[in-house]
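See structure below.
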Amino acid sequence: MTTTFTSYRLLASDLPRSIERVSEEPLVARETDYFRGAIGNVKSIDEFMADDRIYRYALKAHGLEDMAYAKAFIRKVLTEGVTNDESFANKLADTRYKELAQAFNFETHGAAATSFDAAQQKTIDKYMRQTLEESAGADNSGVRLALYFERMAPRLENTYEILADEALAEVVRTSLNLPDEFAATDIDKQAAYFEDQFSLDDFKDPAKLGDFIDRFTTLWEMKNQPQGTPNTSGLFGTQGAAGISPDLLLSINTLKLGGR
């Protein structure tokens, strides 16, 4: 059986080729061809949301596939955009919504919003990376966590962002060999402990980031033997949110951790 460390290294050592293999899968290729051919013809938020294939492709690209049901919520994100600091997306703690609004910036660019690279090729690139991570997770959830951390960690600005993202937090807790009970302690104490253990600037250094992930994959393998790799899909995004009203989602997403 291939270990988590080896599986991750095989994918990460040649990401362009790994993504190319994903892009050649029939379903991925078909949906991508449709998106590439149709997105430039979308001239409004109404048209964007009316085409279910376009809508779901874009949400998946931004890690929001499980929020596809919350159309009123997504519409508000896109309608208010990101220009105003008080806009809906800017007030949400989860930055994926802001990134979606920036990519499909109807608020600023109107009918021309989908003509920009952010709405076209960059969205396709994000979709491919998301698909690669999900595919890796089907075989080994530790590999998906490692790939996700590799993508997200260089962008972190404070340790509270780790604690707000259960997938990132799982990687860090595992890498630091912390007990499960640690996650139930005071949020400010958790953040302070992380700050004592590592610098976020280290994650901007590919070599240091690689060392951290190598430690994670090794300890993950040890932690999950002999019972096998657990199902961690619920750690990513908002998988547990089905059926929650947009008002409650807004309340959850605007919570400021640690009173900040």
Can you tell whether the side chains of [X] and [Y] come within less than 4.0 Å, N to carboxylate O?
X    : Y    : value
R75  : D46  : yes
R151 : E133 : yes
E99  : R96  : no
R53  : E31  : yes
D214 : R9   : yes
E24  : R21  : no
D211 : K208 : no

State, without any angle test, whether [X] and [Y] hold a side-chain donor-acceptor pair at a distance under 3.5 Å.
X    : Y    : answer
T83  : T108 : yes
T4   : N140 : yes
Y160 : D188 : yes
T159 : E195 : yes
E150 : Y8   : yes
S199 : D202 : no
D52  : Y57  : no

When rounded to the nearest 0.5 angstrom, what is the spacing between [atom1] in [X] and [atom2] in [Y]?
X    : Y    : atom1 : atom2 : answer
M67  : D94  : CE    : CG    : 9.0 Å
L78  : F73  : CG    : CZ    : 11.0 Å
R56  : L64  : CZ    : CG    : 12.5 Å
Y55  : F35  : OH    : CZ    : 14.0 Å
L156 : D165 : CG    : CG    : 8.5 Å
K91  : Y97  : NZ    : OH    : 15.0 Å

With distance as the sole test, does [X] use its side chain to make a donor-acceptor pair with the main-chain N or O of [Y] at under 3.5 Å?
X    : Y    : answer
T95  : K98  : no
E107 : T79  : no
E134 : T131 : no

- [ ] Quick one: do E170 and K223 satisfy salt bridge (charged side-chain N to carboxylate O under 4.0 Å, His left out)? Show the steps, please.
- [x] CA-CA 12 Å; E170 179 68 18; K223 179 181 177 182; 3.4 Å; yes
TODO: Please work out which of the three classes, parallel, tilted or perpendicular, describes the rings of F106 and F104, given edges at 30° and 60°.
DONE: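 Because their plane-to-plane angle is under 30°, the rings of F104 and F106 count as parallel.
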Open item on the list: For F198 and F203, take the angle between the two ring planes, folded into 0 to 90°, and tell me which bin it lands in: parallel under 30, tilted 30 to 60, perpendicular over 60.
Closed with: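 F198 vs F203 ring planes: tilted.
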TODO: Scan for side chain to side chain donor-acceptor pair (under 3.5 Å) pairs involving residues 109-124, sequence neighbours excluded, and state none if there are none.
DONE: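 The answer is Q121-D125.
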- [ ] Apply salt bridge (Lys or Arg N to Asp or Glu O under 4.0 Å) to R215 and list each qualifying residue two or more places apart in sequence or on a separate chain.
- [x]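 With neighbours one apart ignored, the set is empty.
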TODO: Using the salt bridge (charged side-chain N to carboxylate O under 4.0 Å, His left out) rule, take K60 and D66 through it: C-alpha gap first, then chi angles, then the decisive distance, then the call.
DONE: CA-CA 8 Å; K60 179 174 179 176; D66 290 331; over 6 Å; no
